[in-house]
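None of these values were measured; they are calculated from a predicted model. In the text below, chain A, chain B and the rest are named by the order of the sequence lines, each starting its count at 1.
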Number of protein chains: 2
Amino acid sequence: MSSKRMTKQRKTVLEKLKNTRSHPTASELYWEVRKEIPQVSLGTIYRNLNVLTELGEIQEININNKVKRYDGNPEKHYHFFCQDCGRVYDLDGDYQKDLDKKFEKNNQHKITHHFLDFYGTCRNCLKDS
Amino acid sequence: MSSKRMTKQRKTVLEKLKNTRSHPTASELYWEVRKEIPQVSLGTIYRNLNVLTELGEIQEININNKVKRYDGNPEKHYHFFCQDCGRVYDLDGDYQKDLDKKFEKNNQHKITHHFLDFYGTCRNCLKDS
DNA sequence: TTAGTTGCAAACGCTTTGCCGAAAA
DNA sequence: TTTTCGGCAAAGCGTTTGCAACTAA
């Protein structure tokens, strides 16, 4: 059985992620962490993001098989992806638990959860057009 | 303006995809197409899948940033991903247009569509456990 | 002390691309 | 004939991994 250590690197990755509302990529996080730990490596960022995800401290965001993004908020919620600027935003609104039941017809399969991502144009990009 | 040609390769990719209920990867499709065009290359499969997607003849399925899968049915519908066997199934049930409105609060952004993927255990895997 | 972690660099897996000859239209 | 397309092989890109040194507990 393997216990996890809270290293300076792991702590910094977690802090950076908890302190932003954006949903950075591993590479973006790498440059942030480098401000404090200049010799950190990208491999370490990836390893820690995976560990923190397993621990349930953070979650991955997978939009369209593009680069993975990371969310410091591990609670279930939905995301909005702006097709103009590419940014990913959190959406207000409840997790729709009833969807799982709705699509679990005749008990042929067991649904445990779902992912729901919205696409469109964000407020900023609407202004510009 | 570029018109698209219906080559033997493109036609075969499209046929194979229309004639299966599975959601194959590019590589799986490659081996299928090779049965009829032994000298076909993987690059050609990828290029044609991209063209056919742009044309709206097929659609991509992106599950968890894993390998891309392809669906011969271009209509909006939802998928179920079995976490035990890894297979991807179509789900019966309507596209929930109302979700877009529900999460478009205060008109801060414009939602055009969404993707909704369900996770769980499929009927076959439930039997085995 | 010792198991988990890091930095480094190489490897990996999927997908795209440049080149040039082939073949639709 | 014109222009798109295919085969091939190399490159691209995000992510993972093997290894030896390091460090949290």
inquiry  = Going by the rule side chain to side chain contact (heavy atoms under 4.5 Å, CB included), which residues pair with A:Glu15 if we only count those two or more places apart in sequence or in a different chain?
reply    = A:Lys11, A:Asn19
key: Within residues 7-33 of chain B: residues closer than 4.0 Å to DNA chain C (heavy atoms)   = none
inquiry  = Can you list everything that forms a side-chain hydrogen bond (donor to acceptor under 3.5 Å, both in side chains) with A:Glu60? Sequence neighbours excluded, please.
reply    = A:Lys68
Separation of atom CD1 in A:Ile45 from atom P in C:dT6, rounded to whole Å = 9 Å
query = Do A:Ser27 and A:Thr25 get their side chains close enough for a donor-acceptor pair, meaning under 3.5 Å?
reply = no
key: Set of side chain to side chain contact (heavy atoms under 4.5 Å, CB included) partners for A:Arg34, sequence neighbours left out   = A:Tyr30, A:Trp31, A:Val40
query = Atom CE of B:Met6 and atom P of C:dA25: how far apart are they, to the nearest Å?
reply = 9 Å
inquiry  = With salt bridge (charged side-chain N to carboxylate O under 4.0 Å, His left out) as the rule and sequence neighbours excluded, what pairs involving residues 99-113 of chain A come up?
reply    = A:Glu104-A:Lys110
ask   = Which residues within residues 48-64 of chain B lie with some heavy atom under 4.0 Å of an atom in DNA chain D?
value = B:Asn48
ask   = In whole angstrom, what separates A:Lys68's NZ from D:dC13's C1'?
value = 14 Å
Residues 48-57 of chain B, side-chain donor-acceptor partners within the protein, below 3.5 Å, at least two apart:
| unit_1 | atom_1 | unit_2 | atom_2 | d |
| --- | --- | --- | --- | --- |
| B:Asn48 | OD1 | B:Arg10 | NE | 2.6 |
| B:Asn48 | OD1 | B:Arg10 | NH2 | 3.1 |
| B:Asn48 | ND2 | B:Thr44 | O | 3.2 |
| B:Asn50 | ND2 | B:Tyr46 | O | 3.4 |
| B:Thr53 | OG1 | B:Leu49 | O | 2.7 |

Residue pairs involving residues 119-129 of chain A (criterion salt bridge (charged side-chain N to carboxylate O under 4.0 Å, His left out); sequence neighbours excluded) = none
ask   = B:Ile37 has an atom CD1; how far is it from atom C1' of D:dG6, in whole Å?
value = 10 Å
message = Output the rounded distance in Å from NZ (B:Lys66) to C1' (D:dG14).
response = 15 Å
ask   = For A:Lys16, what residues pass the salt bridge (charged side-chain N to carboxylate O under 4.0 Å, His left out) criterion, not counting sequence neighbours?
value = A:Glu32, A:Glu36
Mutual orientation of the aromatic rings belonging to A:His113 and B:Tyr119 [parallel < 30°, tilted 30-60°, perpendicular > 60°] = parallel
Nucleotide N/O of nucleotides 17-22 of chain D paired with protein N/O under 3.5 Å:
| unit_1 | atom_1 | unit_2 | atom_2 | d |
| --- | --- | --- | --- | --- |
| D:dG18 | O6 | A:Arg47 | NH1 | 3.2 |

key: Whichever hydrophobic residues join B:Leu91 through chains of side-chain contacts under 4.5 Å   = A:Tyr78, A:Phe80, A:Tyr89, A:Leu91, A:Tyr95, A:Leu99, A:Phe103, A:Ile111, A:Leu116, A:Phe118, B:Tyr78, B:Phe80, B:Tyr89, B:Tyr95, B:Leu99, B:Phe103, B:Ile111, B:Leu116, B:Phe118
note = Here the distance between atom C1' of C:dA11 and atom CG of A:Leu42, to the nearest Å, is 15 Å
query = Which residue pairs pass the salt bridge (charged side-chain N to carboxylate O under 4.0 Å, His left out) test with at least one member in residues 69-95 of chain B, sequence neighbours excluded?
reply = B:Glu28-B:Arg69
query = Can you tell me how far C1' of D:dC5 sits from CZ of B:Arg5, to the nearest Å?
reply = 7 Å
